[in-house]
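Only one structure is covered here, and it is reproduced in the block below.
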2 protein chains.
Amino acid sequence: MRSKSIMKKNSPPTLSQVARAAGVGTTTVSRVINGGDCVNPKTLAKVRRVIESMGYLPNQAARVLKGDRTKTIGLIIPSIADPFFSSCAEAAHAVARTHDSLLIVTATQNDLKNEIENVNMLARHRVDGLMIAAGNSRSKSLSQLLMRLSMPVVAIDRPISNSNIPAVITDNFVAAKLAVQHLIEHGRTRIACLTGEEELFTIRERIRGYRAAIKSAGLPPLLDTSVSEFDSAMRSIQRLFASDCPPDAIFTLKNSTTIYTFEVLQELGIAVPESIALVGFDDFELASTLRPSITVLQQPVQDIGRTATELLFERLLGSAERPLNTVRQLKSLDTHLILRRSCGCRVAD
Amino acid sequence: MRSKSIMKKNSPPTLSQVARAAGVGTTTVSRVINGGDCVNPKTLAKVRRVIESMGYLPNQAARVLKGDRTKTIGLIIPSIADPFFSSCAEAAHAVARTHDSLLIVTATQNDLKNEIENVNMLARHRVDGLMIAAGNSRSKSLSQLLMRLSMPVVAIDRPISNSNIPAVITDNFVAAKLAVQHLIEHGRTRIACLTGEEELFTIRERIRGYRAAIKSAGLPPLLDTSVSEFDSAMRSIQRLFASDCPPDAIFTLKNSTTIYTFEVLQELGIAVPESIALVGFDDFELASTLRPSITVLQQPVQDIGRTATELLFERLLGSAERPLNTVRQLKSLDTHLILRRSCGCRVAD
DNA sequence: ATGAAAGCGCTAACAC
DNA sequence: GTGTTAGCGCTTTCAT
């Protein structure tokens with residue numbers, strides 16, 4: 001039971017074991033694994049050989065305890081499987097990599113309890129920095145928790161209210177207004193807006209943009225915030241068409257709603273864009289492949305992830321000079337209206 | 001500069017600071033944060049109050065050094081943005097969560113250098129376990145590295161050759177055979193197979209399945225492994241149609257190829273399924289929304305991620321009793337043929 | 001029920 | 001160039 005044989009899956013070798021095996025002091029090994037400066041070339045070579053043969057890898061936990069950074073950053077998002085957030089994560093990973101850091105990802109399903117739990121967990125692990133897309137942007141308990149943390153935090157996609165936490169977001173308000181105005185230019189006058197999850201910051205902003213455009217054009221608002229699954233989309237659209245003056249355009253505020261709406265219109269045999277024009281918020285892979293192809297507002301997804309992560313490291317590395325979180329930063333990135341067929345434009349696919 | 005005022009972003013409080021503030025020993029605080037057993041209720045309450053007020057969170061690194069697990073697992077995948085792998089990651093995260101563990105995700109782009117680098121990085125961080133979908137399943141250096149690790153490893157989607165590392169995969173061979181046989185049942189006799197990345201284990205298996213089905217039916221193989229982007233799909237299909245006997249069916253071996261093929265056929269005005277039947281490997285969100293809807297082989301993506309992670313924790317927790325990696329485990333999950341219109345079936349959409 | 005002290009693996013003075 | 005040693009924040013005997 002206490003065999004000293006080379007059995008696998010035992011605890012990995014330590015620095016001092018390497019030192020002993022190489023017949024040198026721990027300092028020397030430490031120097032070797034940290035670049036090998038001020039070490040005799042012969043010693044260097046020998047120690048390296050021993051390290052290689054023993055398969056030694058420095059224990060990051062021990063380094064952390066000595067005061068080093070953990071070389072990890074945390075990313076808290078509603079879902080990893082969501083294309084929007086997985087793209088953010090991919091971009092975040094790429095930036096983290098350039099800083100020799102790992103990315104820890106957690107998913108919350110927009111649940112406040114999960115959000116708080118995940119923040120605490122990542123804080124215990126002493127991640128060097130944190131990025132979060134909070135479903136509950138206005139939660140007092142979350143913002144307080146975040147502001148108490150001793151590490152830089154950057155909000156992503158959705159700002160944290162009542163905080164000085166910097167945020168990298170898209171300008172949802174302007175984008176939504178733009179989309180509706182485009183439909184108006186196509187001569188549409190009864191533009192419905194379909195969505196769910198109106199508790200989310202992004203959705204609220206988009207609704208605000210819709211209302212602003214509708215109002216300044218003197219048109220009637222037709223807002224339905226009850227759409228989540230396919231069935232609710234079906235009900236909503238049937239309801240709209242049953243009314244005395246049915247819509248001639250639909251603006252959907254999120255990816256899944258756009259798709260459900262498209263499917264419903266397809267199933268009901270309603271011609272797009274002839275009878276109903278359609279514009280959706282958020283681009284998706286097959287938007288240009290569907291017939292008709294779908295006009296969408298394309299968010300700079302990769303940019304959001306990249307920018308947020310760069311900002312995080314900037315604060316992380318510059319913390320010595322500049323006091324953190326003193327001036328609120330809010331980077332707003334532009335959204336691009338991709339014109340396809342569903343809005344009524346006569347573009348090539 | 002040395003103000004003792006409550007400035008944020010300083011180093012977080014330590015256990016002994018809490019102990020001092022609460023007027024107790026470190027042992028007591030340790031007991032409190034570990035469940036509070038054998039602690040006087042009054043002391044317990046007081047310490048808890050101090051912890052709360054100071055915002056104390058135990059330093060995981062210190063615990064690790066004392067021999068605890070890191071409560072992290074690593075997931076190494078080609079890309080985080082890829083829907084297949086992000087779904088795996090989501091499932092892995094969910095399982096990790098039930099074990100109070102965090103998920104560290106890294107992306108490799110199927111590059112061997114990145115794979116090795118990421119494994120080393122995660123090993124330095126002493127993750128409790130590791131899951132990897134290796135692009136280079138047959139790399140000697142990777143398999144050796146993985147087998148030297150002192151932590152459990154599970155291969156995901158693609159086994160690691162020449163190793164005893166357990167793997168959770170789908171039966172690509174059987175699935176591909178099934179798909180081709182289905183096309184044959186539809187009376188198709190010139191079935192082309194389009195793909196790229198034939199260096200991947202999964203693709204090779206699918207090709208093997210295609211060949212097996214074609215051969216046992218006495219049909220001629222029409223394999224093109226040069227398809228990657230839209231343009232190459234276009235070239236490939238035009239080439240096929242220019243030949244003396246053009247295909248009457250296409251079997252695509254990966255998601256993106258299926259989509260490009262669909263787009264090419266759409267652009268060339270080739271009727272699906274009338275002129276060409278189409279079956280693709282891997283389901284995707286809009287496969288049923290496209291016209292015609294696309295028949296696909298659906299992999300149990302979530303299951304793969306979940307099963308692999310469960311297996312990992314099983315080995316992680318049972319390591320005391322059972323010796324690790326002694327018997328090779330290979331869990332093969334079933335793939336499901338989803339019949340839609342593009343193969344020639346007359347199903348409802 | 002509670003505390004003192006050793007030690008986990010590493011780094012950084014400080015000697016030599 | 002190289003080794004000795006203290007200590008990072010925690011858990012855990014072992015006393016009390």
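Residue whose closest nucleotide on DNA chain D sits further toward the 5' end, between Asp68(B) and Gln17(B): Gln17(B). Residue Gly25(B) is the one, among Gly25(B) and Pro12(A), whose nearest nucleotide of DNA chain C lies closer to the 5' end (criterion: closest heavy atom).
Within the nucleic acid shown, Asn34(B) comes within 4.0 Å of sugar-phosphate atoms alone, with no base atom in reach, counting heavy atoms only. If you check every strand for non-hydrogen atoms under 4.0 Å, Leu44(B) touches nothing. Val24(B) comes within 4.0 angstrom of the backbone, heavy atoms only, and of no base.
Looking at Ser30(A), its side chain has no donor and acceptor atom pair within 3.5 Å of the base of dA12(C). With hydrogens and angles ignored, no donor-acceptor pair under 3.5 angstrom links the side chain of Arg126(A) to the base of dG9(D). Between the base of dT12(D) and the side chain of Thr27(B) there is a donor-acceptor pair shorter than 3.5 Å.
Look at CG on Leu15(A): it is 13 Å from P on dC8(C), rounded to the nearest Å. Rounded to an integer number of Å, the gap from Asp37(A) CG to dT2(D) P is 13 Å. Going from atom CZ of Arg31(B) over to atom C1' of dC10(D) covers 14 Å, rounded to whole Å. Rounding to whole angstrom units, CZ of residue Arg124(B) and C1' of dG9(C) are separated by 15 Å. The distance between atom NZ of Lys66(A) and atom C1' of dG9(C), rounded to the nearest whole Å, is 10 Å. Taking atom NE2 of His125(B) as the reference point, atom P of dC10(C) lies 13 Å away to the nearest angstrom. What separates NZ of Lys46(B) from C1' of dT2(C) is a distance of 13 Å, to the nearest Å. Going from atom CD of Gln60(A) over to atom C1' of dC8(C) covers 16 Å, rounded to whole Å.
Taking side-chain N and O atoms only, Arg63(A) has a distance below 4.0 Å to OP1 or OP2 of dT11(C). Distances shown here put a side-chain N or O of Thr43(A) below 4.0 Å from the OP1 or OP2 atom of dT2(D). In terms of phosphate contacts, Asn59(B) brings no side-chain nitrogen or oxygen within less than 4.0 Å of OP1 or OP2 of dC8(D).
Closest contact between the side chain of Asn40(A) and the listed nucleotides dG7(D), dC8(C), dG1(D) involves dG1(D). Comparing dT2(C), dC10(C), dC10(D) against the side chain of Thr28(B) picks out dT2(C) as the nearest. Comparing dG3(D), dG9(D), dT11(C) against the side chain of Thr26(A) picks out dT11(C) as the nearest.
Axis angle between the ends of the helix from dA1(C)-dT16(D) to dC16(C)-dG1(D), five pairs each and rounded to 10 degrees, works out to 40°.
A salt bridge is absent between Arg315(B) and Glu310(B): the closest approach of a Lys/Arg side-chain nitrogen to an acidic carboxylate oxygen does not fall below 4.0 angstrom.
Side-chain contact check for Asn110(B) and Arg158(B): at least one donor-acceptor pair (N or O, by modelled atom type) lies under 3.5 Å. When only modelled atom types and interatomic distance are considered, Thr70(B) and Gln60(B) share no side-chain donor-acceptor pair under 3.5 Å.
Between the Ser163(B) side chain and the Ile160(B) main chain, a donor and an acceptor come within less than 3.5 Å of each other.
Shown here are the ring pair (Phe, Tyr, Trp, His ring centres under 6.0 Å) partners of His125(B), two or more places apart in sequence or in another chain: there are none.
Distance check: Cys88(B) SG to Ile80(B) CD1 gives 12.5 Å after rounding to the nearest 0.5 Å.
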Please list every donor-acceptor pair under 3.5 Å in which a side-chain atom of residues 37-59 of chain B meets a protein atom from a residue at least two apart or in another chain.
{"unit_1": "Asn40(B)", "atom_1": "OD1", "unit_2": "Lys42(B)", "atom_2": "N", "d": "2.8"}
{"unit_1": "Lys46(B)", "atom_1": "NZ", "unit_2": "Ala22(B)", "atom_2": "O", "d": "3.4"}
{"unit_1": "Ser53(B)", "atom_1": "OG", "unit_2": "Val50(B)", "atom_2": "O", "d": "3.0"}
{"unit_1": "Asn59(B)", "atom_1": "OD1", "unit_2": "Ala61(B)", "atom_2": "N", "d": "2.8"}

Verdict with supporting geometry, Asn114(A) and Thr108(A), side-chain hydrogen bond (donor to acceptor under 3.5 Å, both in side chains): CA-CA 5 Å; Asn114(A) 289 340; Thr108(A) 63; over 6 Å; no

